[in-house]
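These values consider heavy atoms only, across backbone and side chains, with no hydrogens, waters or symmetry-generated copies. In what follows, chains are A, B, ... by sequence order, proteins preceding strands, each numbered from 1.
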Amino acid sequence: MDAVVSTAKLNSNEIFDLMKQFITEVIGEEFVEEMDITMESSFTKDLEMDSIEIVSFSEKIKAHFGEQIDFTGWLSNMDLDQLINLNLGTIVNYIEECQ
Amino acid sequence: MPVIEVNNRGVHIQELNKGAAETVLLVHGMFSNLSIYYFNIAPILAKHFHVVMYDLKSHGLSERIAKGYDLDSMTDDLVSLMDSLGIIKVHLAGYSFGGLIALKMALRFPEKVKKLAVIEAPDPNDDKTRDIIDDYSREFLEHYVTNFTDTTKVKMGKRQMERNHRMYEYLFHETSIKSDMILEKEFFSAAEISDIEQDTLLLYGSQSNCLGAGKKLKTKIRGAALLEVNGDHNIPIQEPVSVGNIMETFFNNG
């Protein structure tokens, strides 16, 4: 379970590692091993995550960071092009700013 | 907890704004999942309401079940879900096949439904019921291509293709979903459809091939309002903010 809300402030490398861990939990280790996940990786094109996987990923962020980050609210303000092009670095920056 | 046990089966749910006085329950369509509401429509509704989304059986992250895709079974599932969440009465909205489930729910369990929003529910007796089911597959694929590939609509990645393919294979060949749907073809022409007494909003795409179904429902359900949104059958994806705002206003008034 990852339902423990972390209060320690993470730096961008730590957030990136945490995001990689969440992605691995959502799509499975066997697929992640074949990928080179970087800050530039886009969720839909590079990581091939579909909508229900992005829901699971969002829930992991919510469970970990709790109220301090409104991840779904942030996503809901994006238009389709922004969502399609959303990459890991943008998410890491957003989380770092919210902490 | 995203996956809960309902009648010993795993059901994936998502809830927003749990403390709110009234609940809006959202039902997705065939071959889709709750993500159709999760990113835009649900957050709009959650400004005022407790919002519950769930994945239908064998869809999204809910457990695979071979039988029970007729509207009686699907509404039994919904009642069980409400019972397990301790929810007595909801504003209910359903999209496409989920719209049929919402209509059936209002008929069978009127005491559990306050207001009813039906989005793009197709007429199961459209002369080509089989084609409708095939359209659902295209709709799903189009949804995927529109949302999750770049603007050149490159082909899906290998993993996604396999995932989608497995879901179609399972639903089409290992469940009763097709035969159960064909049995529902008289649903709109049955006299009971006129018994719906809830305030009803019919929300359809102005270019949708289901708009005729919306017009038919308007003549059958007393006082129902039909609103057209710019788009086709995929209006929750094409115009999520409009759809969310219209539903918010509808559920909020009165």
Side-chain angles (χ1 to χ4, degrees), chain A residues 1-5 22-37 40-64 66-67 69-87 90-91 94, chain B residues 1-3 12-17 28 31-47 51 53-56 59-62 140-141 143-164 166-167 234 236-241 244:
Chain A
M1 290 306 300
D2 46 28
V4 179
V5 175
F22 290 165
I23 291 164
T24 308
E25 288 167 4
V26 170
I27 70 177
E29 207 158 334
E30 68 272 31
F31 296 110
V32 171
E33 279 171 3
E34 297 170 6
M35 292 174 181
D36 179 25
I37 300 180
E40 282 72 46
S41 300
S42 80
F43 271 62
T44 54
K45 200 173 168 187
D46 298 326
L47 303 179
E48 290 188 28
M49 288 171 77
D50 69 14
S51 51
I52 199 72
E53 289 172 332
I54 298 174
V55 170
S56 298
F57 176 78
S58 304
E59 287 301 308
K60 285 182 183 294
I61 291 179
K62 274 192 203 172
H64 188 90
E67 299 275 308
I69 290 175
D70 179 17
F71 189 66
T72 320
W74 180 63
L75 288 182
S76 71
N77 287 321
M78 291 187 187
D79 63 29
L80 206 56
D81 286 337
Q82 287 173 305
L83 272 177
I84 287 168
N85 293 316
L86 183 64
N87 66 27
T90 311
I91 292 174
Y94 170 70
Chain B
M1 281 297 294
V3 177
H12 176 220
I13 65 160
Q14 292 293 342
E15 292 179 89
L16 297 174
N17 194 12
H28 68 75
F31 307 125
S32 180
N33 56 59
L34 61 75
S35 69
I36 199 153
Y37 298 117
Y38 181 91
F39 295 105
N40 294 99
I41 294 170
I44 291 170
L45 294 168
K47 285 188 279 182
V51 177
M53 296 158 270
Y54 73 110
D55 282 337
L56 299 173
H59 291 71
L61 302 178
S62 286
F140 178 88
L141 288 172
H143 172 174
Y144 179 86
V145 169
T146 308
N147 283 279
F148 301 112
T149 61
D150 69 16
T151 45
T152 60
K153 301 198 172 178
V154 293
K155 64 181 183 192
M156 290 182 202
K158 188 162 163 271
R159 189 173 67 86
Q160 291 305 343
M161 283 293 277
E162 283 170 4
R163 266 169 68 87
N164 287 324
R166 279 201 301 275
M167 181 180 70
N234 295 305
I237 301 156
Q238 293 161 335
E239 295 289 342
V241 175

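Heavy atoms closer than 4.5 Å to chain B are found in the backbone of A:Leu47, but not in its side chain. For B:Ile44, no part lies under 4.5 angstrom from a heavy atom of chain A.
Counting heavy atoms from C-beta on, the side chains of A:Ile54 and B:Ser35 never come closer than 4.5 Å.
Within 6.0 Å of CD on A:Glu30 lie more than 12 heavy atoms contributed by other residues, nucleotides or ligands.
When all heavy atoms are compared, the tightest approach of B:Phe39 to A:Ser76 is O-CB, 2.7 Å. A:Thr72 approaches B:Pro43 most closely through the heavy-atom pair CG2-CG, 4.3 Å.
Atom OG in A:Ser56 sits 8.5 Å away from atom OH in B:Tyr38 (nearest 0.5 Å). Note that CD1 of A:Ile52 is 4.0 Å distant from CG of B:Leu34, once rounded to the nearest 0.5 Å. Considering CG of B:Asn40 and CE of A:Met78, their distance stands at 11.0 Å, rounded to 0.5 Å.
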